[in-house]
Amino acid sequence: MTPAEIRDEILDILSEIAPDEDLSDLEDAKSFREQMELDSMDFLDIVMELRKRHRVQIPEDEYTNLASMASTVSYLEPKMKDIIKA
Amino acid sequence: MSTTEYDTIIIGAGMSGLAAGIRLAHYDQRVCVLEKHYTIGGLNSFYRINGRNYDVGLHAMTNFTEKGAKKGPLARLLKQLRFRWDDFQLAPQAGSAVAFPHIQLNFNNDIQLLRSEIATHFPTQIDRFDRLLSELIEYDDLKQEDFEISTRQVLGGIFADPLLIEMLLCPLMWYGNARQDDMDYGQFCIMFRSIFLEGFARPFKGVRLILKNLVRRFRELGGHLKLRSGVERIDVDSGHAMGVTLEDGTQLTAKRILSSAGVVETMRLCSDSSVVDVDRTGELTFIESISVLDCQPKKAGFDKTIVFFNDSDKFHWHQPESDLCDVRTGVLCSPNNYLYGDTEGELEAGFIRQTSIAHFGRWMELDERAYRQQKMRWYDLSTQAAAQFVPDFRRHVIDTDVFTPKTIRRFTSHDNGAVYGATKKQLDGTTHLDNLYLCGTDQGFVGIVGAIVSGISMANQHCLRSDL
């Protein structure tokens, strides 16, 4: 997956977690917590969805990399580069 | 060969069990929800008699927040279960009250109404009320040691007028206090937020809409739901749950078990337990009378959503000393009096439901004939007691139904028919077995939203993380 595809995938997960949320004006550099009020349960969900969909494993002490869209994409890039977008 | 090995077995198809089931099935676990009864819901259920829909359990959903709210238990459960706000079709309350002799405090889903009522009726206490509000916002729930502090002690340190303390405690105890007389401060904070700071709402179609949404989602995700499947015992080997044996002898095995049966009741199911700590069992149970009116309740003068009343300056939160019921305090609720959308219109009939405190043992001792007679007698006595505090609607009543502690016991399997479960909660959900966990009422959260959040958080904490 390219960084742009990873970004789309994360957006898709976020829209599944929060279907009522308008994600069109999400700022990549700002934290999810700040913009969407995501809590620890939601971050666990992002991790679980990535595992469910792509078998990507994220150790608990690396959850902090998921703080914003920008940090998430750059953290996931090496882990997901060999995954072919379905 | 068919396999009966599950990742997780959940005992009880109430709100918490179904919510936990959805979480686990969503993440591809093989999960089975076992329900003793022929229908789902536990205490929160519904039935149809004489062409009318009745709800039991739910008066109101607490923790109401408007569509778009990002914080609070309702927003959290919607995200966790992948529902949209509109799936629950929640209509906010019209307005409620706490009524004591010669004084009534009105409140709705905006805390400013309660605040201004207190400023009017208790002018010397309003600064203290504001202090309580700021403390509540800072309170960090879910620490067991702080949770069990005495609420009466905390409030006694804040307020100088004991009547205001009683009036604040009345609705909060009615909607979620398993202890008699006093309340855990943790429970008080949860209830205060869920009722006064968030608020009441109800789907037009009642609790059935919520249950049907939950069960449909669970089944779509491949979860198994087995009705009429009471658990005879939890099979234990060396501190580990191996699975369960059902009342019909069927054995099911699982990696872990999540039980909503209650802490004492779950311990009793374990094949290794010889001593069960029954002191934790709650004592508070209720009767509920349902009156069907010949008109919308507001036409009979009853325009409130919920009225909590108490007939003296001291709130009576205790099981009846000598009789079947104690009707000095009660809750009246009309499912008609919510602000439903224009497309929904009004409910087909007028309903007023009234809950009174009852004594479990005395109701269970009655023979069939006495049981029927006492239901009628206490219907009359409770509605008579209510007539001191709300407009007398009795001449409009065209049909009635009453459920008792016996009914509650049958549907919840809680000892003593204790609606709010054990007096001591197990906030982390753990038990003496390394793979048996609790969810629901005895884990600490009550109410519909609370029960669902309990199922979600125990599933996350004990059944999903361990798989990571």
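Labels below follow one simple rule: chain letters A, B, ... track the order of the sequence lines, proteins then strands, and each chain is numbered from 1.
Of the two parts of A/E49, the backbone and the side chain both hold a non-hydrogen atom closer than 4.5 Å to a non-hydrogen atom of chain B.
Annotation: A/K52, atom NZ; neighbour count of heavy atoms from other residues, nucleotides and ligands within 6.0 Å is above 12. Heavy-atom contacts from other residues, nucleotides or ligands closer than 6.0 Å to CG of A/D25 number more than 12. The environment of B/K205 atom NZ is sparse: at most 12 non-hydrogen atoms of other residues, nucleotides or ligands sit within 6.0 angstrom.
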Exercise. Does the pair B/Q80 and A/D42 meet the rule for a side chain to side chain contact (heavy atoms under 4.5 Å, CB included), with working shown?
Worked result: CA-CA 7 Å; B/Q80 288 277 302; A/D42 300 320; 4.1 Å; yes
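Across B/K79, B/R76, B/Q461, a single residue satisfies side chain to side chain contact (heavy atoms under 4.5 Å, CB included) together with A/M41, and that is B/R76.
Atom CD1 of A/I17 and atom CG of B/L81 lie 12.5 Å apart (nearest 0.5 Å). Expressed to the nearest 0.5 Å, how far CG of B/L464 lies from CE of A/M48 amounts to 4.0 Å. Between the CG atom in A/D20 and the NZ atom in B/K70 there is a gap of 11.0 Å [rounded to 0.5 Å].
Salt bridge present: A/D45 and B/R82 bring a charged side-chain N and a carboxylate O closer than 4.0 Å.
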